[in-house]
Amino acid sequence: MSPPSRRLQTKPVITCLKTFLISYSLIFWFTGVILLAVGVWGKVSLEAYLSLASEESTNAPYVLIGTGATIVIFGLFGCFATCRGSPWMLKLYAMFLILVFLAELVAGVSGFIFRHEIKATLGLAYKDAVKSYNSTESSRSAVDAIQRTLQCCGVKNFTDWSDTPYFKDNGIPTSCCKDDTKCSPETLKDLEKAAKEVYTTGCFTLVTSVMEANLGIIAGISFGIAFFQLIGIFLSCCLSRYITNNQYEMV
(Lines give C-alpha, C1' and ligand atoms only; values in the text may rest on other atoms or scores of the structure.)
Protein backbone atom coordinates (compact mmCIF):
# COMPACT_ATOMS: atom_id res chain seq x y z
CA MET A 1 0.00 0.00 0.00
CA SER A 2 1.32 3.43 -0.96
CA PRO A 3 1.55 6.29 1.54
CA PRO A 4 -1.73 8.20 2.14
CA SER A 5 -0.08 11.46 1.01
CA ARG A 6 0.50 10.02 -2.44
CA ARG A 7 -3.12 8.89 -2.75
CA LEU A 8 -4.27 12.33 -1.62
CA GLN A 9 -2.16 13.88 -4.37
CA THR A 10 -3.66 11.54 -6.98
CA LYS A 11 -7.34 12.21 -6.16
CA PRO A 12 -7.29 15.93 -7.09
CA VAL A 13 -5.66 15.00 -10.41
CA ILE A 14 -8.41 12.45 -11.08
CA THR A 15 -11.10 14.98 -10.18
CA CYS A 16 -9.52 17.56 -12.48
CA LEU A 17 -9.24 15.09 -15.36
CA LYS A 18 -12.85 14.00 -14.85
CA THR A 19 -14.01 17.61 -15.05
CA PHE A 20 -12.07 18.23 -18.24
CA LEU A 21 -13.20 14.97 -19.85
CA ILE A 22 -16.88 15.54 -19.03
CA SER A 23 -16.61 19.03 -20.52
CA TYR A 24 -14.89 17.56 -23.57
CA SER A 25 -17.53 14.83 -23.95
CA LEU A 26 -20.30 17.41 -23.90
CA ILE A 27 -18.51 19.41 -26.61
CA PHE A 28 -17.91 16.17 -28.53
CA TRP A 29 -21.63 15.42 -28.28
CA PHE A 30 -22.33 18.88 -29.68
CA THR A 31 -20.02 18.24 -32.67
CA GLY A 32 -22.13 15.16 -33.39
CA VAL A 33 -25.19 17.39 -33.47
CA ILE A 34 -23.32 19.70 -35.88
CA LEU A 35 -22.48 16.77 -38.19
CA LEU A 36 -26.13 15.72 -38.09
CA ALA A 37 -27.12 19.24 -39.09
CA VAL A 38 -24.50 19.33 -41.89
CA GLY A 39 -25.77 15.97 -43.17
CA VAL A 40 -29.36 17.17 -43.23
CA TRP A 41 -28.27 20.44 -44.87
CA GLY A 42 -26.30 18.47 -47.49
CA LYS A 43 -29.29 16.27 -48.21
CA VAL A 44 -31.58 19.27 -48.67
CA SER A 45 -29.23 21.79 -50.31
CA LEU A 46 -26.68 19.74 -52.28
CA GLU A 47 -28.73 16.76 -53.44
CA ALA A 48 -29.41 18.36 -56.82
CA TYR A 49 -25.68 18.93 -57.42
CA LEU A 50 -24.49 15.56 -56.17
CA SER A 51 -27.19 13.59 -58.02
CA LEU A 52 -25.84 14.86 -61.34
CA ALA A 53 -22.71 12.74 -60.93
CA SER A 54 -24.67 9.50 -60.70
CA GLU A 55 -28.02 8.12 -61.70
CA GLU A 56 -28.78 7.15 -58.15
CA SER A 57 -29.08 9.56 -55.26
CA THR A 58 -25.80 10.05 -53.40
CA ASN A 59 -25.28 8.52 -49.96
CA ALA A 60 -22.84 11.20 -48.76
CA PRO A 61 -25.41 13.12 -46.66
CA TYR A 62 -26.53 9.86 -45.04
CA VAL A 63 -22.93 9.06 -44.11
CA LEU A 64 -22.67 12.40 -42.29
CA ILE A 65 -26.02 11.84 -40.59
CA GLY A 66 -24.98 8.35 -39.48
CA THR A 67 -21.59 9.59 -38.24
CA GLY A 68 -23.23 12.43 -36.34
CA ALA A 69 -25.73 10.10 -34.69
CA THR A 70 -22.91 7.72 -33.66
CA ILE A 71 -20.91 10.61 -32.16
CA VAL A 72 -23.97 11.78 -30.21
CA ILE A 73 -24.36 8.30 -28.70
CA PHE A 74 -20.66 7.89 -27.83
CA GLY A 75 -20.50 11.44 -26.48
CA LEU A 76 -23.10 10.44 -23.91
CA PHE A 77 -21.20 7.19 -23.33
CA GLY A 78 -18.06 9.23 -22.64
CA CYS A 79 -19.89 11.25 -19.97
CA PHE A 80 -21.19 8.04 -18.40
CA ALA A 81 -17.76 6.36 -18.46
CA THR A 82 -16.16 9.42 -16.87
CA CYS A 83 -18.73 9.64 -14.09
CA ARG A 84 -18.40 5.91 -13.37
CA GLY A 85 -14.61 6.13 -13.39
CA SER A 86 -14.35 2.79 -15.18
CA PRO A 87 -10.90 2.25 -16.78
CA TRP A 88 -12.14 -0.24 -19.41
CA MET A 89 -14.99 2.09 -20.42
CA LEU A 90 -12.54 4.96 -20.74
CA LYS A 91 -10.23 2.83 -22.90
CA LEU A 92 -13.18 1.85 -25.09
CA TYR A 93 -14.08 5.52 -25.42
CA ALA A 94 -10.47 6.35 -26.38
CA MET A 95 -10.49 3.58 -29.02
CA PHE A 96 -13.68 4.99 -30.53
CA LEU A 97 -12.16 8.49 -30.62
CA ILE A 98 -9.12 7.11 -32.46
CA LEU A 99 -11.38 5.49 -35.07
CA VAL A 100 -13.35 8.72 -35.49
CA PHE A 101 -10.10 10.69 -35.78
CA LEU A 102 -8.75 8.44 -38.54
CA ALA A 103 -12.07 8.35 -40.44
CA GLU A 104 -12.54 12.13 -40.36
CA LEU A 105 -8.90 12.75 -41.24
CA VAL A 106 -9.17 10.51 -44.31
CA ALA A 107 -12.47 12.14 -45.30
CA GLY A 108 -11.05 15.64 -44.90
CA VAL A 109 -7.85 14.88 -46.84
CA SER A 110 -9.80 13.14 -49.63
CA GLY A 111 -12.24 16.02 -49.96
CA PHE A 112 -9.39 18.56 -50.05
CA ILE A 113 -7.19 16.67 -52.53
CA PHE A 114 -9.95 15.62 -54.93
CA ARG A 115 -12.05 18.79 -54.77
CA HIS A 116 -10.87 19.93 -58.22
CA GLU A 117 -11.58 16.51 -59.74
CA ILE A 118 -15.04 16.50 -58.17
CA LYS A 119 -15.58 20.02 -59.50
CA ALA A 120 -14.59 18.98 -63.05
CA THR A 121 -16.71 15.81 -62.92
CA LEU A 122 -19.71 17.75 -61.74
CA GLY A 123 -19.27 20.35 -64.47
CA LEU A 124 -19.18 17.69 -67.19
CA ALA A 125 -22.15 15.93 -65.59
CA TYR A 126 -24.14 19.15 -65.72
CA LYS A 127 -23.36 19.57 -69.43
CA ASP A 128 -24.56 16.02 -70.10
CA ALA A 129 -27.67 16.61 -67.98
CA VAL A 130 -28.59 19.66 -70.09
CA LYS A 131 -28.15 17.70 -73.33
CA SER A 132 -30.22 14.78 -72.05
CA TYR A 133 -32.78 16.99 -70.29
CA ASN A 134 -36.18 15.29 -69.97
CA SER A 135 -34.72 11.85 -70.75
CA THR A 136 -34.71 10.91 -67.04
CA GLU A 137 -36.65 12.38 -64.15
CA SER A 138 -33.55 12.64 -61.93
CA SER A 139 -31.50 14.70 -64.41
CA ARG A 140 -34.44 16.96 -65.21
CA SER A 141 -35.16 17.61 -61.53
CA ALA A 142 -31.48 18.32 -60.83
CA VAL A 143 -31.16 20.80 -63.71
CA ASP A 144 -34.42 22.55 -62.79
CA ALA A 145 -33.40 22.84 -59.13
CA ILE A 146 -29.99 24.27 -60.03
CA GLN A 147 -31.37 26.81 -62.52
CA ARG A 148 -34.00 28.05 -60.07
CA THR A 149 -31.65 28.16 -57.07
CA LEU A 150 -28.70 29.82 -58.80
CA GLN A 151 -30.86 31.90 -61.15
CA CYS A 152 -28.99 30.77 -64.24
CA CYS A 153 -29.81 29.09 -67.53
CA GLY A 154 -27.92 26.70 -69.79
CA VAL A 155 -24.24 25.78 -69.60
CA LYS A 156 -22.51 29.01 -70.74
CA ASN A 157 -25.73 30.99 -71.31
CA PHE A 158 -29.40 30.46 -72.12
CA THR A 159 -28.74 29.99 -75.86
CA ASP A 160 -27.17 26.58 -75.15
CA TRP A 161 -30.69 25.15 -74.95
CA SER A 162 -31.19 25.76 -78.67
CA ASP A 163 -28.81 22.85 -79.40
CA THR A 164 -30.78 20.33 -77.32
CA PRO A 165 -33.57 17.97 -78.52
CA TYR A 166 -35.83 19.39 -75.80
CA PHE A 167 -35.76 22.89 -77.32
CA LYS A 168 -37.17 21.75 -80.67
CA ASP A 169 -40.44 20.67 -79.10
CA ASN A 170 -40.70 22.75 -75.93
CA GLY A 171 -38.23 25.62 -76.07
CA ILE A 172 -36.25 26.72 -73.02
CA PRO A 173 -37.32 25.03 -69.73
CA THR A 174 -39.56 27.10 -67.47
CA SER A 175 -37.00 26.74 -64.68
CA CYS A 176 -35.01 29.45 -66.51
CA CYS A 177 -37.84 31.97 -66.21
CA LYS A 178 -37.52 35.02 -64.01
CA ASP A 179 -41.32 35.10 -63.72
CA ASP A 180 -43.29 32.01 -64.80
CA THR A 181 -46.39 34.06 -65.60
CA LYS A 182 -44.52 35.92 -68.35
CA CYS A 183 -43.04 32.80 -69.96
CA SER A 184 -45.44 31.56 -72.61
CA PRO A 185 -44.58 28.54 -74.81
CA GLU A 186 -44.16 30.89 -77.80
CA THR A 187 -41.71 33.07 -75.86
CA LEU A 188 -39.63 30.12 -74.72
CA LYS A 189 -39.27 28.87 -78.30
CA ASP A 190 -37.98 32.24 -79.53
CA LEU A 191 -34.47 33.10 -78.29
CA GLU A 192 -34.87 36.83 -78.92
CA LYS A 193 -38.10 37.05 -76.92
CA ALA A 194 -36.81 34.67 -74.26
CA ALA A 195 -33.74 36.83 -73.64
CA LYS A 196 -35.93 39.36 -71.81
CA GLU A 197 -37.77 36.78 -69.68
CA VAL A 198 -35.16 34.17 -68.69
CA TYR A 199 -31.86 34.21 -66.79
CA THR A 200 -29.05 34.85 -69.24
CA THR A 201 -26.12 33.76 -67.07
CA GLY A 202 -24.83 30.23 -67.64
CA CYS A 203 -24.86 27.66 -64.82
CA PHE A 204 -21.57 25.85 -65.45
CA THR A 205 -19.30 28.33 -63.63
CA LEU A 206 -21.82 28.87 -60.83
CA VAL A 207 -22.37 25.15 -60.24
CA THR A 208 -18.66 24.32 -60.04
CA SER A 209 -17.93 27.34 -57.82
CA VAL A 210 -20.74 26.54 -55.39
CA MET A 211 -19.77 22.88 -55.19
CA GLU A 212 -16.07 23.63 -54.65
CA ALA A 213 -16.90 26.15 -51.91
CA ASN A 214 -19.17 23.67 -50.11
CA LEU A 215 -16.59 20.88 -50.39
CA GLY A 216 -14.07 23.22 -48.78
CA ILE A 217 -16.46 23.89 -45.90
CA ILE A 218 -17.10 20.18 -45.37
CA ALA A 219 -13.37 19.36 -45.53
CA GLY A 220 -12.59 22.15 -43.04
CA ILE A 221 -15.22 20.90 -40.60
CA SER A 222 -13.85 17.35 -40.92
CA PHE A 223 -10.27 18.52 -40.21
CA GLY A 224 -11.32 20.61 -37.23
CA ILE A 225 -13.38 17.88 -35.60
CA ALA A 226 -10.73 15.25 -36.36
CA PHE A 227 -7.94 17.07 -34.51
CA PHE A 228 -10.34 17.87 -31.69
CA GLN A 229 -10.49 14.10 -31.00
CA LEU A 230 -6.81 14.13 -29.96
CA ILE A 231 -7.75 16.06 -26.81
CA GLY A 232 -10.33 13.44 -25.84
CA ILE A 233 -7.92 10.57 -26.54
CA PHE A 234 -5.28 12.17 -24.32
CA LEU A 235 -7.71 12.93 -21.47
CA SER A 236 -9.42 9.51 -21.47
CA CYS A 237 -6.10 7.63 -21.55
CA CYS A 238 -4.64 9.76 -18.73
CA LEU A 239 -7.77 9.38 -16.59
CA SER A 240 -7.87 5.63 -17.15
CA ARG A 241 -4.21 5.35 -16.15
CA TYR A 242 -4.60 7.49 -13.01
CA ILE A 243 -7.71 5.57 -11.89
CA THR A 244 -5.95 2.23 -12.45
CA ASN A 245 -2.86 3.36 -10.54
CA ASN A 246 -4.98 4.75 -7.71
CA GLN A 247 -6.84 1.45 -7.38
CA TYR A 248 -3.52 -0.42 -7.42
CA GLU A 249 -2.06 1.86 -4.73
CA MET A 250 -5.03 1.22 -2.45
CA VAL A 251 -4.44 -2.54 -2.51
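What you see below is based on every heavy atom in this structure, not just the backbone, and it leaves out hydrogens, waters and symmetry mates. Everything quoted here is computed from the prediction, not taken from an experiment.
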Colleague: For Cys177 and Leu188, what are the C-alpha separation, side-chain angles and deciding distance, and is it a side chain to side chain contact (heavy atoms under 4.5 Å, CB included)?
Modeller: CA-CA 9 Å; Cys177 294; Leu188 293 174; 3.8 Å; yes
Colleague: For the side chain of Asp160 and the backbone of Val155, is there at least one donor-acceptor N/O pair under 3.5 Å apart?
Modeller: yes
Colleague: Taking the side chain as everything from C-beta on, heavy atoms only, tell me whether Leu239 gets closer than 4.5 Å to Ser236.
Modeller: no
Colleague: Show the nearest heavy-atom pair for residues Lys18 and Cys83, with the distance to one decimal.
Modeller: NZ-O, 4.0 Å
Colleague: Would you say Lys182 has more than 12 foreign heavy atoms packed within less than 6.0 Å of its NZ?
Modeller: no
Colleague: Has the side chain of Ser240 got a donor or acceptor atom that lies under 3.5 Å from a matching backbone atom of Cys237?
Modeller: no
Colleague: Would you check if Leu76 and Cys79 make a side-chain contact, meaning some heavy-atom pair closer than 4.5 Å?
Modeller: no
Colleague: For residues 162-191, which residue pairs pass the ring-ring contact (aromatic ring centres under 6.0 Å, His included) check, not counting sequence neighbours?
Modeller: Tyr133-Tyr166
Colleague: Give the ring-plane orientation class for Phe77 versus Phe74, where under 30° counts as parallel, over 60° as perpendicular and anything between as tilted.
Modeller: perpendicular
Colleague: Would you tell me whether Ser25 and Tyr93 have side-chain atoms, one donor and one acceptor, within less than 3.5 Å of each other?
Modeller: yes
Colleague: Can you tell me if Gln229 uses its side chain to pair, donor with acceptor, with the backbone of Val100 under 3.5 Å?
Modeller: no
Colleague: Scan for disulfide (SG to SG under 2.5 Å) pairs involving residues 199-235, sequence neighbours excluded, and state none if there are none.
Modeller: Cys152-Cys203
Colleague: Is any side-chain heavy atom of Ser162 less than 4.5 Å from a side-chain heavy atom of Leu191?
Modeller: yes
Colleague: Which distance, rounded to the nearest 0.5 Å, do you find between the CD of Glu197 and the CG of Asp179?
Modeller: 8.0 Å
Colleague: With the side chain counted from C-beta on, respond yes when Val33 and Val72 share a heavy-atom pair under 4.5 Å apart, and no when they do not.
Modeller: yes
Colleague: So for atom NZ, which belongs to Lys193, do other residues, nucleotides or ligands contribute more than 12 heavy atoms lying within a distance under 6.0 Å?
Modeller: no
Colleague: Looking only at the side chains, is there a donor atom on one of Ser184 and Thr187 sitting less than 3.5 Å from an acceptor on the other?
Modeller: yes
Colleague: Around Phe20, counting heavy atoms of other residues, nucleotides and ligands shown, do more than 12 lie under 6.0 Å from its CZ?
Modeller: no
